[in-house]
Amino acid sequence: MDDEFEQSFDPAVETMHPRVIVHIDIDCFYAQVEMLKNPELRSQPLGIQQKNIVVTCNYVARQFGIKKCMLLAEAKELCPSLVLVKGEDLYDYRQTSAKVTAVLQKFSPLVEKLGFDENFVDVTQLVAEKLQNGFNSSQNMEGHVYSDATERCMCGCYSRLRVGAVIAADMRAQIFEELGLTCCAGIAHNKLLAKLVCGVHKPNQQTTIFPSSVPGLMAGIESIRKIPGIGHRTGEILQSLGICSVSDLQNSSDKSLQQALGHDVVERLRKLSFGQDDSAVKPTGKPQSIGLEDGFRKISLESEVKEKCLLLLQRLMVLLAEDGRIPGAVRVTVRKYNSTNRQSHRESRQCNISPSIFRPNVNGLTPGARQKLLMSIMKLFHKMVNISKPFHLTLLGIAFTKFQERNSGKGSITSFLMNDISVQSVLDLRNVSTSAAEEMECSPAENACQDRSGSESEHEPSPKKTRSDFWRIRRKRSFTESDVDSINKVGVSELRLSSGEQIDRDVFQKLPSVIQEEVMETLVDLPQLTNRLGISESSDSDPGVCPPDVDRAVFRELPPDVQQELVQSWTSTNSSCASKSPQTNICVRTSGQNSILKYVSSTSK
DNA sequence: AAGCCCCAG
DNA sequence: CATTCTGGGGCTT
């Protein structure tokens with residue numbers, strides 16, 4: 001309140017800076033993850049490829065002038081020897097991201113994720129504790145200081161930020177020691193400044209900014225668009241009103257602005273332009289919705305809609321299982337083709353679904369869960385599209401929402417998983433075909449309490465497990481005849497697989513049996529679909545043939561497409577693998593990627 | 001509930 | 001399909 005008085009007096013001056021915020025940004029995140037998985041890449045120029053672009057690259061590659069989001073061709077020209085790794089399977093990135101966040105949560109519960117590679121941490125409390133305990137930071141300043149901090153603010157933030165810098169250094173050390181990742185940190189009294197200053201010294205460095213340097217920092221920002229919070233649209237509006245530079249914004253008191261954006265927004269933006277940001281670090285929790293959507297040229301048949309929905313559903317089930325919660329509602333989104341309407345005009349309908357769909361039936365395992373779900377979905381679809389008339393869709397999406405609260409255990413999908421005897425039997429299978437070493441990384445118990453804490457004790461029970469072991473550890477594993485038998489007991493009678501790779505443990509096992517069945521049923525019921533997607537029956541019997549970069553694709557959270565492939569290979573009762581020995585390994589990866597390409601090119605583009 | 005906007009990555 | 005996809009937020013009806 002004092003604050004407000006002061007600012008109405010002079011908007012450029014803040015008198016109090018009570019918080020300490022650290023912004024952590026992992027250096028070229030995807031590239032680092034890939035280099036952990038395959039250390040040989042460290043010495044080579046590495047680019048992470050998505051579609052036709054290099055989304056990020058390591059620092060070796062940057063010496064060639066390669067930049068983020070550069071076109072593939074462009075990058076190759078700059079560096080013909082550029083090693084490319086596909087970065088479309090986000091599983092490892094997501095996992096690693098969660099581990100980073102888990103490390104940071106040891107410092108404060110106030111950790112806010114921004115994408116996979118950034119986190120805000122409010123360490124005000126920890127700083128206060130350290131200061132109370134007589135922590136002395138006046139000796140040496142940890143890391144860089146933005147500009148030459150001259151004046152000292154009298155609110156006490158000078159000491160606090162210095163302690164913050166020490167904490168940030170600690171965070172970075174822990175992230176490196178525990179995960180092998182380097183990162184940058186920005187330390188400031190608010191989120192905006194912490195983020196802005198984070199990247200001033202890169203890579204693997206940290207920068208602290210004190211309030212006296214804030215005007216300089218803000219003045220040095222070329223475009224207003226660089227200010228987090230001013231996005232595409234707002235930037236355009238501001239520009240259209242002649243507000244281009246930060247100082248333009250600082251001095252703006254236009255009435256037209258107020259009209260265009262509203263008083264509150266304008267106030268917020270003006271504050272931002274002075275480096276002021278009251279927004280709190282909002283602890284990131286589980287998502288409120290989990291959804292997928294697919295864009296395409298044209299869908300005009302109901303049968304195509306059904307197919308799409310089944311595919312989306314299949315992928316969604318996996319994400320859902322990984323999340324561990326049970327949704328209470330489903331939403332369907334469509335975008336109708338409209339030549340005049342450049343806007344992606346979307347429509348959506350949602351309805352509640354009985355959570356029992358995701359629970360076991362008294363008599364065993366939900367016979368028609370998928371059908372029920374699909375029925376609900378199609379019903380929603382029909383609310384938006386009258387199929388008796390021609391229609392043309394360019395997008396279909398399905399999302400689950402209204403998740404049940406972290407139930408005391410009952411009803412939670414994971415607890416169900418663990419309580420279901422038949423599933424237990426599947427879990428137990430793992431012991432048959434899994435080595436002890438592998439067991440350590442992911443024991444059934446750990447999986448059961450899917451506790452987000454992620455970084456738990458795990459690994460290290462074994463003497464020396466190198467980092468590359470960490471990534472290589474899950475490999476080759478085969479289902480045996482008895483595995484198949486047991487799975488049959490669970491009720492997935494059509495299942496026939498000779499190779500599971502990580503599938504069994506990492507994904508299949510994680511899935512509630514209901515969902516396991518869902519996945520199976522989907523495919524069993526839709527032979528034409530599986531055929532269209534094509535089972536590469538090639539089933540390469542020599543996994544060693546797989547190129548290393550291909551080999552790493554971890555089925556687990558399956559980039560749904562790969563998962564699909566795998567499920568197909570399980571499902572194909574009469575495919576070549578059935579005739580082979582149960583021990584035969586299928587090179588899932590290779591066949592998967594090929595088919596994915598086929599699939600993508602035939603439907604998506 | 002659903003449409004509309006915005007934003008970030 | 002015109003920067004795709006995913007998730008979040010806010011405001012309005």
Side-chain angles (χ1 to χ4, degrees), chain A residues 23 25-26 28-30 48 50-53 55-56 68-71 87-90 93-94 97 112-120 191-192 195-196 198-199 224-238 260-266 268-269 272 277 279-280 282-300 308 312 315-316 319-320 323 328-352 380 383-384 392-403 559-561 600 603-605:
Chain A
H23 181 256
D25 188 336
I26 309 292
C28 54
F29 183 55
Y30 288 5
I48 307 303
Q50 276 176 357
K51 299 282 167 74
N52 217 7
I53 55 181
V55 289
T56 190
K68 284 182 173 185
C69 293
M70 193 174 260
L71 285 175
E88 279 150 17
D89 175 359
L90 303 183
Y93 308 144
R94 191 177 300 135
S97 176
E112 179 178 344
K113 257 163 71 85
L114 203 59
F116 281 171
D117 63 338
E118 296 178 29
N119 285 278
F120 287 105
K191 287 168 68 177
L192 170 70
K195 173 157 177 143
L196 285 177
C198 182
I224 218 161
R225 272 299 322 263
K226 304 266 178 160
I227 297 178
I230 299 183
H232 178 64
R233 186 64 186 138
T234 310
E236 267 185 357
I237 292 173
L238 290 174
L261 299 172
H263 179 271
D264 291 354
V265 173
V266 172
R268 192 171 51 82
L269 296 187
L272 288 179
D277 176 15
S279 66
K282 260 196 58 200
T284 303
K286 292 231 182 183
Q288 298 199 339
S289 69
I290 297 178
L292 290 171
E293 50 186 43
D294 202 356
F296 34 76
R297 283 198 182 284
K298 181 176 190 179
I299 275 189
S300 49
K308 258 306 181 244
L312 289 171
R315 294 164 56 193
L316 263 177
L319 298 177
L320 215 50
D323 179 89
V330 64
R331 181 174 65 241
V332 177
T333 302
V334 301
R335 182 177 60 202
K336 294 170 175 167
Y337 176 75
N338 189 340
S339 53
T340 65
N341 191 3
R342 51 179 20 278
Q343 287 282 9
S344 36
H345 175 64
R346 289 153 125 85
E347 290 176 66
S348 68
R349 294 291 185 277
Q350 70 180 7
C351 68
N352 293 341
L380 292 170
K383 286 188 182 181
M384 296 180 283
H392 179 169
L393 303 182
T394 61
L395 178 142
L396 258 171
I398 300 176
F400 290 108
T401 63
K402 293 192 183 177
F403 293 105
D561 297 326
V600 167
T603 65
S604 229
K605 267 268 154 114

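The heavy-atom pair separating A:Arg297 from A:Thr394 by the smallest distance is O-CG2, 3.7 Å. Here the closest non-hydrogen pair linking A:Ser348 and A:Thr333 is CB-OG1, 3.6 Å. The minimum heavy-atom distance between A:His23 and A:Phe120, with the atom names listed, is CD2-CE2, 3.3 Å.
Summary of the strand contacts: A:Leu395 and A:His392 both lie near DNA chain C, and taking for each the nucleotide with the nearest heavy atom, the more 5' one is attributed to A:His392.
Atom CZ of A:Arg315 is separated from atom P of C:dC5 by 10 Å (rounded to the nearest Å). Atom C1' of nucleotide C:dT6 and atom CG of A:Leu319 are separated by 11 Å, given to the nearest angstrom. Residue A:Lys191 contributes atom NZ, which lies 12 Å from atom C1' of B:dC7 at whole-angstrom precision. Note: CD (A:Gln50) to P (C:dT6) measures 12 Å, nearest angstrom. If you take CD1 of A:Ile290 and P of C:dT6, they are 12 Å apart, rounded to a whole angstrom. Atom CZ in A:Arg331 sits about 10 Å away from atom C1' in B:dA2, given to the nearest Å. With rounding to whole Å, A:Arg268 atom CZ is found 11 Å from C:dC11 atom P. Nucleotide B:dC7 holds its P atom 9 Å from the CZ atom of A:Arg233, rounded to whole Å.
Listed candidates were B:dC7, C:dG8, C:dA2. Nearest to the side chain of A:Thr234 is B:dC7. Taking the side chain of A:Glu293 as heavy atoms from C-beta on, and the options C:dC5, C:dC1, C:dG7, the nearest nucleotide is C:dC5. In this structure, of C:dG7, C:dT6, B:dC7, it is B:dC7 that holds the atom nearest to the side chain of A:His232. The nucleotide whose nearest atom lies closest to any side-chain atom of A:Gln350 is, among C:dC1, B:dG3, B:dA1, B:dA1. Set against B:dA1, C:dG9, B:dC6, the side chain of A:Gln288 has C:dG9 as its closest nucleotide. If you check C:dC1, B:dC7, B:dA8 against the side chain of A:Arg225, the one that comes closest is B:dA8. Minimum atom distance to the side chain of A:Arg297 is reached by C:dC1, of the listed C:dC1, B:dC7, C:dG8. Listed nucleotides: C:dC1, C:dG8, B:dA8. Nearest to the side chain of A:Leu114: B:dA8. Here B:dA1 is the nucleotide among C:dG8, B:dA2, B:dA1 with the atom lying nearest to any side-chain atom of A:Lys402. Nearest to the side chain of A:Lys282, among C:dC1, C:dG8, C:dT6, sits C:dG8.
Electrostatic pairing of A:Glu293 and A:Arg335 does not count as a salt bridge here, judged by no charged N lying under 4.0 Å from a carboxylate O.
Side-chain N/O atoms of A:Ser289 include none lying less than 4.0 angstrom from OP1 or OP2 on C:dT6. Under 4.0 angstrom from either OP1 or OP2 of B:dG3 there lies at least one side-chain N or O belonging to A:Ser348.
Ring orientation note: the planes of A:Tyr30 and A:Tyr93 are close to parallel, at an angle under 30° on the 30°/60° scale.
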Quick one, A:Gln50 with A:Leu90, criterion side-chain contact (heavy atoms from CB on, under 4.5 Å). Give me CA distance, side-chain angles, the key distance, then yes/no.
CA-CA 11 Å; A:Gln50 276 176 357; A:Leu90 303 183; 4.0 Å; yes

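Distance noted for atom P between C:dA2 and B:dC5: 15 Å (whole Å).
Among the heavy atoms of the strands lying under 4.0 Å from A:Gly291 are primed sugar atoms or P, OP1, OP2 only; no base atom is included. As judged by a 4.0 angstrom heavy-atom cut-off over every strand, A:Lys336 is placed among residues making no nucleic acid contact.
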